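See structure below.
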Protein chains: 2
Amino acid sequence: MTRQTGRGAASSTPRSVDVARLAGVSQKTVSRVLNGERYVSEDVRRRVLQAAEDLGYRMNNAARALASGRTRSIGVVTLGTALYGPASLLMGIERAVRDTGYALRVVNTVEGDPAGVAGAVGSLLEQGVDGIVVSEPIDEGTSMAELSVDVPVLVIGAPSPFATAHPVTSGGGADLLTRAATQHLLDLGHLTVHHLSGPPRWFAARDRLAAWRAALAAHGASEPPVVEGDWSAASGYAAGRRLAADPSVTAVFAANDDMAIGLIRALAEAGRRVPDDVSVVGFDDIPVAAYVTPPLTTVRQPFDAVAQEGLKRLLHAIENPDADPLPPSDPPVDLVVRSSTAPPPHR
Amino acid sequence: MTRQTGRGAASSTPRSVDVARLAGVSQKTVSRVLNGERYVSEDVRRRVLQAAEDLGYRMNNAARALASGRTRSIGVVTLGTALYGPASLLMGIERAVRDTGYALRVVNTVEGDPAGVAGAVGSLLEQGVDGIVVSEPIDEGTSMAELSVDVPVLVIGAPSPFATAHPVTSGGGADLLTRAATQHLLDLGHLTVHHLSGPPRWFAARDRLAAWRAALAAHGASEPPVVEGDWSAASGYAAGRRLAADPSVTAVFAANDDMAIGLIRALAEAGRRVPDDVSVVGFDDIPVAAYVTPPLTTVRQPFDAVAQEGLKRLLHAIENPDADPLPPSDPPVDLVVRSSTAPPPHR
DNA sequence: CGGATATCTGACTGCGCTGTCATGACTGCG
DNA sequence: CGCAGTCATGACAGCGCAGTCAGATATCCG
């Protein structure tokens, strides 16, 4: 028996009706005050707030959600990793949500594949959320269409697989950053730029790959074969051992900083100096990037800005179901030039 | 008007009563099946599940919570940072929660100070959670006592400020790791070990400081003055500049890897070689630790193990309110020796 | 073979809130 | 002064589930 057996009366946590009684008003009026509705006299408002305070009253959100049909909460689907990117994005989302009066419900997916994301979205829907943020999904979301998602969805870092369904926005996109990184190397005089990509199942990896290609093409540079990593420093190290064997490699754009650091280590061990022989650019600007040897040139992802901007649009879609979605805006580009890049060596 | 105007009838999302109608049973029986209660015939169970499937039925958790008084969700209070430690812990908690059937509600605190934590806990209570995890709070939780917390609370990485209140467990604790790190340096022959601590407001920082002291004392080593950082590589770098000026410094235990990396950079710039002149041990084993120069000797925090163990105890407290809390168990110690430590130089 | 027990099912109720509507009191204005 | 409009409040119903209890069968045992 979970219910309150109304014995002690004082022992059970207070309900709005208790507040009402203490304030000498109706229960509905308590609800009005606590929801900031109009048409409540100053006097009553004060009495109600005082009574609520005195009793230590806390609203029961389950009842509120049931009665109003809104949960005032946002669901987030993320990868279950502590990778700097996804983790930072999650923190950015939390920060962006905090002041809106919404609560956060978080579900991870192990793999981020469509089935996993669909399951996560389903469980969020079941919990009841007014909107959903899908952070950095992997692969196409084909299996998503089957879900009847009747709340707005914001997809960060990938084209929205919900596009056909319901009120939807999408956001993210870091091509400009990749282009800036690649361009930086080309501007230094490198004939071309190699690319150490993330796992191709990730949209983030595919985006950066495509943007790197575009930057090379725009510059008329030839496109060397792509080396594939898995975001980890270990995979960057493995890639570095291969790249070090090829003397034509003078510049590498790594799809994240961890791989860049592993890469640099492998190059150093192979006797290829960075940046004298090979220039390396990373991606993310992780906290230690400025302090590794050599300090890493990288592009900083504006996680907070992306999260805030996306959430603004999601909340807009939630609160104005019939209005057109707000258009996405491009995040700022922030290339941080340190010491891992230099002009190519003379031949 | 949020409510379903029962016009199209088919358009509105299905309720348990719709499932009941389709399966030819009562609504209560649907509830029984979906909650796995006893005393339902196989035949009925199948029909109900089929009907639910056909309708794409999803339970309304707000109603469930209201009726049952349980939300089947766990609230988490974390710092709003992407620091590797807290972020990893959050991921560990998510992983640990996922298979238990509970959902996660996350609230960050900006500062992690008592008032912030109290506010976060309050907002979780308001949302309705069956248990709360407070991850790495800062300072003493004096203001916490005022909150009437009537659910079990697990505090990771700090003594529980709720100790006097209600069913409570606590966990974490990394003294053994710190001792192992310090001991490792002493065993190498260093006369003493300097400490680059985290901000003293953090429990994690105080814990490591105390454990470092204890390890020195146990070894009869003198205790050099503590250098204080803020977890960031930048602060490690600043500390490194100061420590580099003191030739008596031969070994440093940094309270996290980021600071260790900044520290090593500063030492290198000052001409003090690591590990030949100065040995450095970090804390966390961040992903790049093995690939910086030199590869960092560090201790790995068993985030997943801590989260799992703590959650097991929290769930036990939730589901057996009257039973004694399970005793905490010590996490495994994992010292990862790489190349940033060596015997002290000959004098 | 009768009563005791185990199994299965449904009617009814209520969780604590918000939406709707009704009711007064008060204002302004011709 | 009377009627419309604004403001302020309360009564009542119902959101979609799970808890309780009662009733209907089936099973068991002496």
Side-chain angles (χ1 to χ4, degrees), chain A residues 1-6 9 12-48 51-52 55 57-73 125-128 130, chain B residues 1-6 9 12-48 51-52 55-73 101 125-128 130:
Chain A
M1 173 122 143
T2 333
R3 300 189 183 215
Q4 308 286 358
T5 35
S12 113
T13 61
R15 310 303 175 195
S16 65
V17 69
D18 301 316
V19 176
R21 195 157 25 227
L22 182 58
V25 298
S26 75
Q27 182 266 329
K28 173 68 209 186
T29 296
V30 173
S31 166
R32 281 205 183 86
V33 171
L34 265 31
N35 285 297
E37 287 177 33
R38 294 178 3 165
Y39 304 145
V40 181
S41 68
E42 245 335 287
D43 173 49
V44 167
R45 183 181 307 277
R46 258 196 301 274
R47 277 188 0 242
V48 167
L55 292 175
Y57 171 70
R58 264 193 293 265
M59 189 152 50
N60 179 324
N61 243 285
R64 205 241 274 263
L66 182 58
S68 70
R70 297 185 49 204
T71 59
R72 292 167 182 77
S73 70
L125 254 24
E126 193 161 286
Q127 285 181 60
D130 296 341
Chain B
M1 171 122 142
T2 333
R3 301 191 183 214
Q4 309 285 357
T5 35
S12 113
T13 61
R15 312 301 176 196
S16 64
V17 68
D18 301 316
V19 176
R21 196 156 24 228
L22 182 59
V25 297
S26 75
Q27 177 268 322
K28 173 67 208 185
T29 297
V30 173
S31 166
R32 279 203 185 88
V33 171
L34 266 30
N35 286 298
E37 288 178 30
R38 293 180 4 168
Y39 303 146
V40 182
S41 68
E42 242 341 283
D43 173 50
V44 166
R45 183 182 305 277
R46 259 196 300 273
R47 270 174 24 230
V48 167
L55 293 175
Y57 171 70
R58 263 194 292 266
M59 190 151 48
N60 179 322
N61 244 284
R64 204 242 272 264
L66 181 57
S68 69
R70 295 185 49 204
T71 59
R72 293 165 181 77
S73 70
L125 255 23
E126 194 161 285
Q127 284 180 62
D130 295 342

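Naming convention: chains lettered A, B, ... in sequence-line order (proteins, then strands); numbering from 1 in each chain. Please read these numbers as outputs of a predicted model, since none were measured by experiment.
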- Task: Check step by step if side chain to side chain contact (heavy atoms under 4.5 Å, CB included) holds for Arg32(A) and Val48(A).
- Result: CA-CA 10 Å; Arg32(A) 281 205 183 86; Val48(A) 167; over 6 Å; no

Just so I know, are the side chains of [X] and [Y] near enough to count as touching, which here means a heavy-atom distance under 4.5 Å?
X        : Y        : value
Glu42(B) : Val44(B) : no
Gln27(B) : Val30(B) : no
Thr71(B) : Asn61(B) : no

- Message: Once rounded to the nearest 0.5 Å, what's the spacing between atom NZ of Lys28(A) and atom OG of Ser26(A)?
- Response: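 Reported value, rounded in 0.5 Å steps: 8.5 Å.
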
- So how far is it from Leu34(B) CG to Arg58(B) CZ, rounded to the nearest 0.5 Å? 13.0 Å

- Is any side-chain nitrogen or oxygen of Ser31(A) closer than 4.0 Å to OP1 or OP2 of dT18(C)? yes

- Task: List the steps and the verdict of salt bridge (charged side-chain N to carboxylate O under 4.0 Å, His left out) for Asp18(B) and Arg21(B).
- Result: CA-CA 5 Å; Asp18(B) 301 316; Arg21(B) 196 156 24 228; 2.9 Å; yes

In whole Å, what is the span from the [atom1] atom of [X] to the [atom2] atom of [N]?
X        : N       : atom1 : atom2 : value
Leu66(A) : dT13(C) : CG    : C1'   : 15 Å
Asn35(A) : dG19(C) : CG    : P     : 7 Å
Asn60(B) : dG16(D) : CG    : C1'   : 6 Å
Asn61(A) : dC15(C) : CG    : C1'   : 14 Å
Arg15(A) : dG14(C) : CZ    : C1'   : 13 Å
Glu37(A) : dA8(D)  : CD    : P     : 13 Å
Arg64(B) : dG16(C) : CZ    : P     : 18 Å
Arg70(A) : dG16(D) : CZ    : C1'   : 19 Å

- Axis deviation across the helix from dC1(C)-dG30(D) to dG30(C)-dC1(D), five-pair ends, to the nearest 10°: 30°

- Give me the one residue out of Arg45(B), Arg47(B), Arg46(B) that meets salt bridge (Lys or Arg N to Asp or Glu O under 4.0 Å) with Asp43(B).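 For Asp43(B), the salt bridge (Lys or Arg N to Asp or Glu O under 4.0 Å) check succeeds only for Arg47(B).
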
- Task: Evaluate side chain to side chain contact (heavy atoms under 4.5 Å, CB included) for Glu126(B) paired with Arg64(A), printing each intermediate quantity in order.
- Result: CA-CA 11 Å; Glu126(B) 194 161 285; Arg64(A) 205 241 274 263; 5.6 Å; no

Please list each protein N or O that sits under 3.5 Å from an N or O in nucleotides 26-28 of chain D, with the distance.
none

- Message: Could you report the tightest heavy-atom contact between Ala62(B) and Leu66(A), atom names first, then the distance?
- Response: CB-N, 3.9 Å

Listed pairs, N/O of protein and of nucleotides 4-11 of chain C, under 3.5 Å:
{"residue": "dT7(C)", "atom": "OP2", "partner": "Tyr39(B)", "partner atom": "OH", "Å": "3.1"}
{"residue": "dT9(C)", "atom": "OP1", "partner": "Ser41(B)", "partner atom": "OG", "Å": "2.9"}
{"residue": "dT9(C)", "atom": "OP2", "partner": "Ser41(B)", "partner atom": "N", "Å": "2.9"}
{"residue": "dG10(C)", "atom": "OP1", "partner": "Ser26(B)", "partner atom": "N", "Å": "3.4"}
{"residue": "dG10(C)", "atom": "OP2", "partner": "Ser26(B)", "partner atom": "N", "Å": "3.0"}
{"residue": "dG10(C)", "atom": "OP2", "partner": "Ser26(B)", "partner atom": "OG", "Å": "3.1"}
{"residue": "dG10(C)", "atom": "OP2", "partner": "Thr29(B)", "partner atom": "OG1", "Å": "2.4"}
{"residue": "dG10(C)", "atom": "N7", "partner": "Arg32(B)", "partner atom": "NH1", "Å": "3.3"}
{"residue": "dG10(C)", "atom": "O6", "partner": "Arg32(B)", "partner atom": "NH2", "Å": "2.5"}

